[in-house]
Enquirer: 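Please read through the structure below; I'll follow up with questions.
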Amino acid sequence: MIRSHRPFAAAAIAATLSGCAATAVPRPAAPPTPTVFPPSTPRITQNNNLVGRDADSTIRLFGKPRLDVTEGAGRKLQFAGSACTIDVYYYPPRVGATPVATHVDARTPDGRDTNVDGCIGALRR
């Protein structure tokens, strides 16, 4: 006489699956809330013809920027010509105010730093 192994197989599968049901799956913890600091007043450390100007007046001076990048409260405009490239960084002097240029970098086409006012003169249209 041949015995059927089906009841034994069904019982083994049920026992295996019941172990899975009893295992608790941990839930991921909520990500921590990021700390948001109020924007601070930018410190102006340069003295050139662009610092203190808003972006619109700089665009009127040089024309359309090569790059216009916004990150957080800051904005960077880049203007380039055959003589040099200039990056102008804008931040609002206080919450709700129009951003003004607080820092300017100028470099030659090969990447060396150059005089900001000289580059301003070369890029002026």
Enquirer: Taking all non-hydrogen atoms of both residues into account, name the closest pair between Ala80 and Thr85 and its distance.
Expert: CB-OG1, 3.7 Å

Enquirer: Could you tell me the separation between the CD1 atom of Ile120 and the SG atom of Cys84, rounded to the nearest 0.5 Å?
Expert: 9.0 Å

Enquirer: Kindly compute the distance separating CG (Asp105) from CD (Gln78), expressed to the nearest 0.5 Å.
Expert: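 Atom-to-atom, Asp105:CG and Gln78:CD are 10.0 Å apart.
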
Enquirer: When rounded to the nearest 0.5 angstrom, what is the spacing between CG in Leu77 and CZ in Phe62?
Expert: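 Result: 10.0 Å between the selected atoms.
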
Enquirer: Nearest heavy-atom pair of Ala83 and Pro109: which atoms, and what distance?
Expert: O-CD, 3.2 Å

Enquirer: Consider salt bridge (charged side-chain N to carboxylate O under 4.0 Å, His left out). Of Asp87, Asp68, Asp56, which one does Arg75 pass it with?
Expert: Asp68

Enquirer: Using every non-hydrogen atom in the two residues, find where Arg107 and Thr114 come nearest and quote the distance to one decimal.
Expert: N-CG2, 3.6 Å

Enquirer: In Å and rounded to the nearest 0.5 Å, what is the CD1 to CG distance from Ile86 to Asp117?
Expert: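 Taking CD1 in Ile86 and CG in Asp117, the distance rounds to 8.5 Å.
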
Enquirer: Side chains of Tyr91 and Pro99: closer than 4.5 Å at any heavy-atom pair?
Expert: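 Heavy-atom side-chain distance check fails, nothing below 4.5 Å.
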
Enquirer: Restricting to pairs with a member in residues 104-123, which pass ring-ring contact (aromatic ring centres under 6.0 Å, His included), not counting sequence neighbours?
Expert: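 Non-adjacent pairs meeting ring-ring contact (aromatic ring centres under 6.0 Å, His included): zero.
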
Enquirer: Test side-chain contact (heavy atoms from CB on, under 4.5 Å) on Leu50 and Leu61 and set out the steps.
Expert: CA-CA 10 Å; Leu50 296 179; Leu61 183 67; 3.8 Å; yes

Enquirer: Decide yes or no on side-chain contact (heavy atoms from CB on, under 4.5 Å) for Arg53 and Val88, but give the supporting numbers first.
Expert: CA-CA 10 Å; Arg53 287 180 177 241; Val88 187; over 6 Å; no

Enquirer: Taking atom CG of Asp113 and atom SG of Cys119, what is their separation to the nearest 0.5 Å?
Expert: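 Answer rounded to 0.5 Å: 11.0 Å.
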
Enquirer: Picking from Thr58, Asp54, Thr98, what satisfies side chain to side chain donor-acceptor pair (under 3.5 Å) with Tyr90?
Expert: Thr58

Enquirer: With rounding to the nearest 0.5 Å, note down the distance linking CG in Leu123 to OG in Ser82.
Expert: 8.5 Å

